[in-house]
Asker: 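I have a structure here, written as structure tokens, and I will follow up with some questions on it.
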Amino acid sequence: MEWLTGPFEAAFVQRALWGGILVSAICALAGTWVVLRGMAFLGDAMSHGLLPGVALAALLGGNLLLGALLSAAVITAGVTVLGRTPRLSQDTAIGLLFVGMLSLGVVLVSRSQSFAVDLTGFLFGDVLAVRATDLMLLGGALVLALTVSVLGHRAFTALAFDARKAHTLGLRPRLAHAVLLGLLALAIVASFHIVGTLLVLGLLIAPPAAALPWARSVRGVMALAALLGVTATFSGLLLSWHLGTAAGATVSALAVCQFFLSHLVSGLLHRPARTPGARPATTD
């Protein structure tokens, strides 16, 4: 029992656990729509596109979170505007913004010789360094994400399954898409300093994707994704403590393992039964 509870007697591990729980809930709300709409590339581009704002904030001695929020706002506005260009596909627009923002970030980083440590924290996060103020910010972000999810649920659902029907119902799909991008940006900005931009997609995509075979509704996917994220956080922190591995990476790796295990079990349970004596079909 000591092996299971011992690590969580430390105050910093307790804060890490609470931080992971809040991040899991936020990512479940936004990540469900990312998975349902096939927006994983956008999530990846947005997470890496935070670099210019973070680098600029670090160079100026400002708040890294505000710098990340500024970059997220630029990417959200850019995707919304470029997405309305008739001859430009959304993937192309996202790719251009991704490369442009990442390049700008590298240029800014190259201007400083002392940014290596901060860049490592940006890429990989530091879940064990969560402070009480971080938990308050994450709590506020969760309340905001939950409010947006509840108010926009009908529009988001219609947009995910039939954008034309959303327009027919007067749900303003373009506005809904912009708000959904804002929700995604909120989840990434709130999470990047906990698990880092390279690992944030683990909690953003893996838990909702793992929940899909078992949930019967969008809300069900969100609830199960949050539970899976919390499970990955607890197990990841526990293993990280005993094995001496990076905490954020361990949490994200377990979240991805949950995805593969979920779909493996689902495939085995739903595999069509063969009729006794039946032979596989052959072609002449």
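For the single chain, residues carry numbers from 1 onward in sequence order.
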Asker: Looking only at non-hydrogen atoms, find the nearest pair between Trp33 and Met222 and report the distance.
Answerer: NE1-CE, 3.2 Å
Asker: Step by step, work out the side chain to side chain contact (heavy atoms under 4.5 Å, CB included) result for Met101 and Ile75.
Answerer: CA-CA 8 Å; Met101 294 293 285; Ile75 296 174; 4.0 Å; yes
Asker: Does any non-hydrogen side-chain atom of Leu212 lie less than 4.5 Å from one of Leu36?
Answerer: yes
Asker: I need the Ile21 CD1 to Ile26 CD1 distance, nearest 0.5 Å.
Answerer: 12.0 Å
Asker: Locate the shortest heavy-atom distance separating Ser262 from Trp214; write the atom from each residue and the value.
Answerer: OG-NE1, 2.7 Å
Asker: Taking the side chain as C-beta and beyond, is there a heavy-atom pair between Arg37 and Leu180 under 4.5 Å?
Answerer: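 Yes. Closest side-chain heavy atoms under 4.5 Å.
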Asker: Is any side-chain heavy atom of Trp241 closer than 4.5 Å to one of Phe8?
Answerer: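 No - every pair of side-chain heavy atoms lies 4.5 Å or more apart.
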Asker: Before you tell me yes or no, could you show the steps for Val179 and Leu183 under side chain to side chain contact (heavy atoms under 4.5 Å, CB included), namely the whole-Å CA-CA distance, both residues' side-chain angles and the distance that decides it to 0.1 Å?
Answerer: CA-CA 6 Å; Val179 175; Leu183 179 62; 5.7 Å; no
Asker: Would you say Leu227 ends up clustered with Leu22 if hydrophobic residues are merged whenever their side chains have heavy atoms under 4.5 Å apart, either directly or through other cluster members?
Answerer: no
Asker: Is a side-chain donor or acceptor of Gln258 paired with a backbone partner of Ala210 at a separation under 3.5 angstrom?
Answerer: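 Checking the backbone N and O of Ala210 against the side chain of Gln258, no donor-acceptor pair under 3.5 Å is found.
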Asker: Yes or no on side chain to side chain contact (heavy atoms under 4.5 Å, CB included) for Thr133 and Leu137, after CA distance, side-chain angles and deciding distance?
Answerer: CA-CA 6 Å; Thr133 53; Leu137 287 173; 5.6 Å; no
Asker: Is it the case that the side chain of Asp44 and the backbone of Phe41 share a donor-acceptor pair, with hydrogens and angles ignored and the cut-off at 3.5 Å?
Answerer: no
Asker: Please report the closest heavy-atom contact between Leu50 and Ser71, naming both atoms and the distance.
Answerer: O-OG, 3.5 Å
Asker: Measuring only between side-chain heavy atoms, which start at C-beta, is Pro208 closer than 4.5 Å to Val34?
Answerer: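 When only atoms from C-beta onward are counted, Val34 and Pro208 do not touch, as no gap falls below 4.5 Å.
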Asker: So which atom in Leu181 and which in Met46 form the shortest heavy-atom distance, rounded to 0.1 Å?
Answerer: O-CE, 4.2 Å
Asker: What distance separates Leu254 CG from Leu261 CG, expressed to the nearest 0.5 Å?
Answerer: 11.0 Å
Asker: For Leu184, run the side-chain contact (heavy atoms from CB on, under 4.5 Å) check against Val79, Leu42, Leu29 and tell me which one passes.
Answerer: Leu42
Asker: Considering non-hydrogen atoms only, spot the tightest contact between Cys27 and Ser191 and give its length.
Answerer: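 It is SG-OG, 3.5 Å.
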Asker: So how far is it from Leu104 CG to Leu97 CG, rounded to the nearest 0.5 Å?
Answerer: 12.0 Å
Asker: Can you hop from Val221 to Phe260 via hydrophobic side chains spaced under 4.5 Å?
Answerer: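 Unlinked, Val221 and Phe260 end up in two clusters.
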Asker: Under 4.5 Å between side-chain heavy atoms, hopping through other hydrophobics if needed: is there a path connecting Leu186 to Val35?
Answerer: yes
Asker: Would you say His153's side chain and Arg219's backbone share a donor-acceptor pair under 3.5 angstrom?
Answerer: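 Here the side-chain-to-backbone pair does not exist.
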Asker: Check whether any side-chain N or O of Arg15 sits under 3.5 Å from a backbone N or O of Arg131 as a donor-acceptor pair, and report yes or no.
Answerer: no
Asker: Under a single-linkage definition using a 4.5 Å side-chain heavy-atom cutoff for Ile, Leu, Val, Met, Phe, Trp and Tyr, are Leu142 and Leu69 assigned to the same hydrophobic cluster?
Answerer: yes
Asker: Would you say Leu228 and Phe234 are hydrophobically clustered, going by side-chain heavy atoms of ILVMFWY under 4.5 Å?
Answerer: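 No, Leu228 does not connect to Phe234 through the hydrophobic network.
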Asker: To the closest 0.5 Å, what do you measure between CG (Leu151) and CZ (Phe156)?
Answerer: 9.0 Å
Asker: How long is the gap from CG on Leu138 to CH2 on Trp18, to the nearest 0.5 Å?
Answerer: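 The CH2 atom of Trp18 is 12.5 Å from CG of Leu138, to the nearest 0.5 Å.
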Asker: Enter the distance from Leu66:CG to Leu60:CG here, rounded to the nearest 0.5 Å.
Answerer: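 Leu66 atom CG to Leu60 atom CG measures 12.0 Å (nearest 0.5 Å).
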Asker: Please name the pair of heavy atoms, one in Ser240 and one in Thr250, separated by the smallest distance, quoted to 0.1 Å.
Answerer: CB-OG1, 4.2 Å
